[in-house]
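Okay, so here's the structure we're looking at.
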Amino acid sequence: MKPLSIHFGERIRKLRKDRGLSQDGFADLCGFDRTYISGIERGRRNPSLLAIEALANALSVTVAELLDG
């Protein structure tokens, strides 16, 4: 079983790519640096609840939908 951070990062990457967003473009929408997004997608960063909310908003999904993947 994959660690939660890897699973979450893969979910973020899939949703970002499904929307045709680059890491740079997605980072701009979230108000984060591209390297932070990269770290999340690789499972090396542990985003706060506020960061998860920003990620969900930028992807136009609820936090529940983001975490349900």
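Pairing each heavy atom of Ile6 with each of Gly43, the nearest pair is CD1-CA, 4.0 Å.
Atom-to-atom distance recorded for Thr35:OG1 and Gln23:CD is 9.5 Å, nearest 0.5 angstrom. Atom CZ of Arg45 and atom OG of Ser5 lie 12.5 Å apart (nearest 0.5 Å). Taking CD from Glu65 and CG from Leu59, the interatomic distance works out to 10.5 Å, rounded to the nearest 0.5 Å.
Residues Ile37 and Leu4 fall into different hydrophobic clusters, defined by Ile, Leu, Val, Met, Phe, Trp and Tyr side chains chained together at heavy-atom separations under 4.5 Å. Both Phe26 and Val63 belong to a single network of hydrophobic side chains, linked directly or stepwise wherever heavy atoms of I, L, V, M, F, W or Y lie under 4.5 Å apart.
Side-chain atoms of Arg16 come within 3.5 Å of backbone atoms of Leu21 as a donor-acceptor pair (strictly under, hydrogens ignored).
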Set out, in order, the CA-CA distance, both residues' side-chain angles and the distance that settles side chain to side chain contact (heavy atoms under 4.5 Å, CB included) for Leu15 and Leu55, then state yes or no.
CA-CA 10 Å; Leu15 291 172; Leu55 294 166; over 6 Å; no

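Residue-environment remark: CG (Asp33) exceeds the threshold of 12 foreign heavy atoms within 6.0 Å. Heavy-atom contacts from other residues, nucleotides or ligands closer than 6.0 Å to CZ of Arg42 number more than 12.
The side-chain heavy atoms of Glu41 and Glu10, taken from C-beta on, include no pair separated by under 4.5 Å. Two residues are said to be in side-chain contact when any heavy atoms from C-beta on lie closer than 4.5 Å; Leu66 and Ile12 meet this criterion. Residues Cys30 and Tyr36 are not in side-chain contact: their nearest non-hydrogen atoms beyond the backbone lie 4.5 Å or more apart.
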